Amino acid sequence: MPLPSIARSDELAPLVVDWFAVHARDLPWRRPGFPPWGTLVSEFMLQQTPVVRVIPRLDEWLTRWPEPADLAAEPAGEAVRAWQSLGYPRRALNLHACAVVITERFGGAVPNDVDALLSLPGVGDYTARAVAVFAFGSRHPVVDTNIRRVIARAVDGHPDASTPNAKRDLPAMTALLPADDTAAARFNAGMMELGALICTARSPKCEVCPLANVCAWRAAGYPDVEITRKPKQKKYEGSDRQARGAIIRVLRESPGPVPAARLAEAVTEPAQYSRALSGLLADGLLVAIDDDLFALP
DNA sequence: GTCCAGTCAT
DNA sequence: ATGACTGGAC
């Protein structure tokens with residue numbers, strides 16, 4: 001069979017947009033008409049967290065706090081409680097802080113431009129662009145780890161993305177973006193889904209990939225397919241991170257302040273307990289009522 | 001065990 | 001550039 005050819009930069013978008021139109025996973029957010037506040041909350045929740053775990057939590061949050069001002073009116077600890085076990089609870093704290101800033105400085109409406117969004121706490125390059133594009137339909141590149149992998153393979157012919165670098169990644173995505181705003185947003189969403197569902201890190205499903213015929217990596221015969229290096233993630237079991245999680249869990253499941261002794265029970269190693277406790281206090285995830293009593297903020 | 005849709009502080 | 005930050009799924 002003939003070798004596939006390498007994609008021209010304007011070939012990719014229509015293939016991805018057409019594929020996305022048919023095979024898009026049914027994500028309630030990242031669709032036209034979804035409220036910008038919902039998009040902001042969902043993108044926060046999706047940072048480091050699989051979509052299946054986000055869906056029920058997003059639903060609860062938006063029912064309880066349909067507008068930023070609704071969340072801003074609550075103590076931050078309620079956000080941490082409602083975060084439940086999504087992990088990285090500082091995201092809940094940041095989201096509450098976002099709600100306060102949006103209410104106080106942006107008249108209660110999520111800002112629509114990338115620079116204003118970047119000024120919000122916990123909003124970085126990815127989230128700012130995701131909200132501008134998916135909530136407001138602006139034409140910007142949105143680059144996440146999935147998109148970096150798809151570009152690395154389909155365009156550059158590499159087996160995987162190198163370390164993130166906005167100076168390189170954003171122009172690379174811009175070069176592929178259709179001129180039309182709506183098409184650009186769909187292309188962005190489609191590239192994410194393609195990376196998440198088809199062009200996966202471990203076992204890409206090239207048989208069903210809309211880019212198979214133009215993919216540079218495939219055209220080159222899948223060089224270095226075995227590379228799969230492991231940067232060796234640290235053990236979670238027994239870590240300080242696990243200790244933090246255990247302490248927050250006790251606070252979350254208690255209606256009010258908790259004596260230190262009850263928090264200490266959640267961690268077996270005393271030195272680890274004090275490290276985790278001071279870390280949480282420093283992060284503002286925990287406040288001391290007095291020497292012996294702690295609560296969510 | 002291994003993986004993972006980001007942000008921020010070193 | 002590197003590492004801290006979490007918890008569940010496979």
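Chain naming here is simple, since letters A, B, ... match the order of the sequence lines and numbering starts at 1 in each. The structure presented is a predicted model; accordingly, all values stated were derived computationally and were not measured.
For A:R244, a side-chain nitrogen or oxygen approaches OP1 or OP2 of C:dT6 to under 4.0 Å. A close approach under 4.0 Å does occur between a side-chain nitrogen or oxygen of A:Y236 and OP1 or OP2 of C:dG7. Not one side-chain nitrogen or oxygen of A:R148 sits closer than 4.0 Å to the OP1 or OP2 atom of B:dG6. Residue A:K234 places at least one side-chain N or O closer than 4.0 Å to OP1 or OP2 of C:dA4.
At a threshold of 4.0 Å, the pair A:R57-A:E60 counts as salt-bridged, since one of the basic side-chain nitrogens sits closer than that to a carboxylate oxygen.
Every residue two or more places apart in sequence or in another chain was checked for a salt bridge (Lys or Arg N to Asp or Glu O under 4.0 Å) with A:D292, and none qualifies.
Here A:F44 lies out of heavy-atom contact (under 4.0 Å) with every strand.
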Writing each nucleotide of DNA chain C 5' to 3' as (, ), [, ], | or . by Watson-Crick or G-U pairing under 3.5 Å yields |||||.||||
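Judged by distance alone, the side chain of A:R148 and the main-chain N or O of A:A161 form no donor-acceptor pair under 3.5 Å. Put simply, the side chain of A:S138 gets close to the backbone of A:A132: a donor and an acceptor are under 3.5 Å apart.
Across residues 256-271 of chain A, not one residue has a non-hydrogen atom less than 4.0 Å from an atom of DNA chain C.
Here C:dG8 is the nucleotide among C:dG8, C:dC5, B:dG6 with the atom lying nearest to any side-chain atom of A:S85.
In terms of position on DNA chain C, the residue among A:N165 and A:L285 whose nearest nucleotide sits closer to the 5' end is A:N165. Nearest-nucleotide mapping onto DNA chain C: of A:R53 and A:T163, the residue sitting toward the 5' end is A:T163.
Under 3.5 Å, the side chains of A:E74 and A:W65 contain a donor-acceptor pair of N or O atoms.
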